[in-house]
2 protein chains.
Amino acid sequence: MVDRPDAGAPVRDDRDDGAPPRPPAEPRPPSMADVAARAGVSHQTVSRVVNAHPSVLPGTRERVLAAIDALGYRRNSAARALVTRRSGVLGAITVGGTDYGPTSTLLELEDAARAAGYVVTVATLRRGDEASIGHALDRLLDVGVEAVVVVAPTVGVAAVLEHVRASVPVLLVSSWVAGLQGGPRPVGVHAVAVGQQEGARLATEHLLAAGHREVVHLAGPQDWFDAQDRVAGWREACAVAGVRTRAPITSGWDAADGYAAGRRLLDEGVPSAVFAANDQLALGLLRALAEAGVRVPEDVAVVGFDDEPGAAFYSPPLTTVRQDFAALGRAALETLTAALAGGDPADVVLTPQLVVRASSHRPS
Amino acid sequence: MVDRPDAGAPVRDDRDDGAPPRPPAEPRPPSMADVAARAGVSHQTVSRVVNAHPSVLPGTRERVLAAIDALGYRRNSAARALVTRRSGVLGAITVGGTDYGPTSTLLELEDAARAAGYVVTVATLRRGDEASIGHALDRLLDVGVEAVVVVAPTVGVAAVLEHVRASVPVLLVSSWVAGLQGGPRPVGVHAVAVGQQEGARLATEHLLAAGHREVVHLAGPQDWFDAQDRVAGWREACAVAGVRTRAPITSGWDAADGYAAGRRLLDEGVPSAVFAANDQLALGLLRALAEAGVRVPEDVAVVGFDDEPGAAFYSPPLTTVRQDFAALGRAALETLTAALAGGDPADVVLTPQLVVRASSHRPS
DNA sequence: CCATATAGTCCTCCAAGCCCC
DNA sequence: CGGGGCTTGGAGGACTATATG
């Protein structure tokens, strides 16, 4: 229901000086001054109305709102950001393409951000190398984000964060402690995470409790903090149970990697239990085992990580570790708002949850 | 390597009038004027340098760059956007949570946008109802996006687009023609898509060519343009082959929906071929069939849509329709840049590709 | 050819003005 | 006549563009 911008607008009294005729200025969106003129008030009053300031008479407010509606006015975010020094924009860098974990985290983060009145600008990277992250960060800072969230960080962020020098708060969605061992954490850098190590421990303990004497780990790329943490949790659980470990099989995050690892296990000797670092790896593994006629869970028990949407429908349905991405997104935003308010919020670590399905049912 | 902002900065000669002492202003990021002062030039010259304007002496440029580096200056995007009327930001609305299609499209769009110097602000909606889309659009326009991309549109966008009245170009990633039947397309609204109807036809024809006399369609939610188009393609292929169709089984997009549909088929009578509207539906269907001891492809042939990352590793590996999301993202961005340049780019429809795997191998 | 001054962008904050009781 | 509620005008804010030295 938006009228044409100039419908009924008061005629501007162009000064009749000998100034050269202006070029036929391309249609400029209506400004606060236009609204003010139409409503017969000052631009300041219009500002008060749009910012819900109390000191405006109901009648005046009505007139202003009518003018706003008639002109189709929207306030100019650039001018607003310029003077308030606040853009209302958060930046998010995610690594890992369309993988379920990063995608869900971003989704929930954006949801929480929207609820808090922010908007999220993204840089979705395929690879987490230093250069990519550096460029992405630069871009985001260039467009004036108030804070940056790095989802699914790889070791490359460490070096990059030195460079940023905390011109805005930075939030890592990752277990920091395990990540950047050694160096002190730069100021202005915070962290929230679901306990990856704990999740891996849960998965491994589940298999060990079922009587398996060895749990092979199919690990993710080791330049990911999360992948490192999952290795650590697996190792820890095995150590506590006094079970020996072979070196984890390291690869990417994809089903194809899981399939390749499965082939390798079939060659080298199939263990009775495998903990895969994510569900896609587990899916590929399941496929390799099925092709070889190895039964799951009768011959091999398999556990994944993520509980991605299809996991309950794999063959067999996959036991896995679920992360509460919604809670993670909320925690991320709370941390960020606290940091933006000048505080120094503590890190948050959420607890993951084991979801038991058919792929791990029977001990050998 | 960023010095503290005021290191070595020239002392400002505060005027000695009786003005009240300013409050200890919170540390303001360095402005162009600060850089200019430090480099001993005017702010305009600094502007020239950062915008790679030719008319600057090499020596001057050096001094300015040194000052920029020393102060850790970055240009203020708000001020820049204010005067140029260009934010460098595109808005993207996606519907469908973490589903592979929308996610991939967004990823590739962002990639193309970055290459073109844009940054993308997202609103990731779970549901595509009118209110959600309307709010999301409002938010994006409020932060000053130059154009809006709507990924995976549902019928709700139609009404919303009336409302927007083309204050910025809008791009639908969807087959428009099939979508908003009837009403004329609003000006400033463009469309790019992978031919959904064609993809569905390819899938159905593949099954029919293998000798199946009936292809049951497991459809997606019918408030999605894409779901409607896939139904149309399936129907068209069946009609051409002179094969009768039962009403498609309509549901959501999830594996659980596919599973439920599978159970229903098991009750009502299992056809020899099923075309599922996406891979997750097919996955759920495969699971239901496997549980009932129905073999795929021996007893039932199954084809999906999307070729999501795990599809090649389902049991059995899934025949499906692949969409070139990278090309889609590029096409989207080309269309948008053309529209922003004042043109009226024609719609783009890309061709999908059938990927044949084990799930459809044998005719009955 | 290079550099500077000046105007203009649109908004928010601050101080001052108006009005009416 | 003075005060509170409502409104106004003017001063930035950081940058680009258009003349001017």
Side-chain angles (χ1 to χ4, degrees), chain A residues 15 17 19-23 25-37 39-64 67-68 71 73-88 141-144, chain B residues 5 12 15 17 19-20 22-23 25-64 67-68 71-88 142-144:
Chain A
R15 293 147 306 175
D17 53 10
R22 311 175 189 130
E26 67 181 40
R28 180 179 52 77
S31 75
M32 205 165 247
D34 298 328
V35 175
V41 298
S42 78
H43 61 126
Q44 175 59 289
T45 302
V46 177
S47 174
R48 287 240 165 86
V49 170
V50 299
N51 292 318
H53 191 286
S55 299
V56 179
L57 284 179
T60 312
R61 140 178 271 101
E62 276 320 306
R63 285 212 316 287
V64 171
I68 286 176
L71 296 178
Y73 169 75
R74 7 188 42 110
R75 64 188 173 194
N76 181 317
S77 60
R80 186 183 164 77
L82 177 58
V83 64
T84 60
R85 299 185 175 297
R86 300 204 30 192
S87 63
L141 293 175
D142 267 348
V143 298
Chain B
R12 294 229 228 134
R15 292 147 307 175
D17 52 11
R22 309 175 189 129
E26 69 181 41
R28 181 179 51 77
S31 74
M32 206 165 246
D34 299 328
V35 175
R38 187 179 175 119
V41 297
S42 78
H43 63 130
Q44 178 56 279
T45 302
V46 177
S47 175
R48 287 235 168 89
V49 171
V50 300
N51 291 318
H53 192 286
S55 301
V56 180
L57 283 179
T60 312
R61 140 179 271 100
E62 277 320 307
R63 286 214 315 287
V64 170
I68 285 175
L71 297 177
Y73 168 77
R74 11 186 36 112
R75 66 188 173 195
N76 182 317
S77 62
R80 186 180 163 79
L82 177 58
V83 65
T84 59
R85 300 186 175 297
R86 300 205 30 193
S87 62
D142 268 348
V143 298

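Below, read A as the first sequence line, B as the second, and so on, with proteins coming before strands; counting in each chain starts at 1. Hydrogens, waters and symmetry mates play no part in the numbers below; they use all other heavy atoms, side chains included.
- Protein atom CD of Gln44(B) is 11 Å distant from nucleotide atom P of dA5(C), rounded to whole Å.
- Between dG8(C), dC10(C), dT8(D), one nucleotide has an atom nearer to the side chain of Val83(B) than all others, and that is dG8(C).
- Between Ser47(B) and dT16(D), a side-chain N or O to OP1/OP2 separation shorter than 4.0 Å is present.
- Arg75(B) places its CZ atom 11 Å from the C1' atom of dT16(D), with the value rounded to the nearest Å.
- Considering only side-chain N and O atoms, Asn51(A) lies under 4.0 angstrom from the phosphate OP1 or OP2 of dT12(C).
- In this structure, of dG13(D), dT8(D), dA3(C), it is dG13(D) that holds the atom nearest to the side chain of Leu82(B).
- Each of His43(A) and Ser42(B) has a nearest nucleotide on DNA chain C; the 5'-most of these lies closest to Ser42(B).
- Taking atom CZ on Arg86(A) and atom C1' on dC13(C), their separation rounds to 16 Å, with Å as the unit.
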Residue pair Arg28(B), Asp34(B): steps toward the side-chain contact (heavy atoms from CB on, under 4.5 Å) verdict: CA-CA 11 Å; Arg28(B) 181 179 51 77; Asp34(B) 299 328; 3.3 Å; yes
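- A salt bridge is absent between Arg75(A) and Asp142(B); no separation between the charged side-chain nitrogens and carboxylate oxygens falls under 4.0 Å.
- Residue contacts for Leu57(A): at a heavy-atom cut-off of 4.0 Å it reaches the sugar-phosphate backbone alone, with no base atom in range.
- Of the possible polar contacts, one joining the Thr84(B) side chain to the Arg80(B) backbone as a donor-acceptor pair under 3.5 Å is found.
- No donor-acceptor contact under 3.5 angstrom links the side chains of Asn76(A) and Arg85(B), judged on distance only.
- Taken from CE in Met32(B) to OG in Ser47(B), the straight-line distance is 4.5 Å, to the nearest 0.5 Å.
- If you check every strand for non-hydrogen atoms under 4.0 Å, Arg48(B) touches a base.
- One can place CG of Asp142(B) at 12 Å from P of dC11(C), the figure rounded to the nearest angstrom.
- Rounded to whole Å, the distance from CZ on Arg80(A) to P on dC10(C) is 16 Å.
- The Asn76(B) side chain lies nearest to dA14(D) when the options are dC11(C), dA14(D), dT9(C).
- Between His53(A) atom NE2 and dT7(D) atom C1' there is a gap of 11 Å when expressed in whole angstrom units.
- Residue Thr45(A) places no side-chain N or O under 4.0 Å from the OP1 or OP2 atom of dC6(D).
- Note on Tyr73(A): every side-chain N or O is 4.0 Å or more away from OP1 and OP2 of dC10(C).
- At the phosphate of dC15(D), neither OP1 nor OP2 sits under 4.0 Å from any side-chain N or O atom of Thr84(B).
- Note on Ser55(B): only backbone sugar-phosphate atoms sit closer than 4.0 angstrom, heavy atoms only; bases stay farther off.
- The CZ-P distance, from Arg28(B) to dC15(D), rounds to 9 Å in whole Å.
- Rounded to a whole Å, the CZ atom of Arg74(B) is 16 Å from the P atom of dA14(D).
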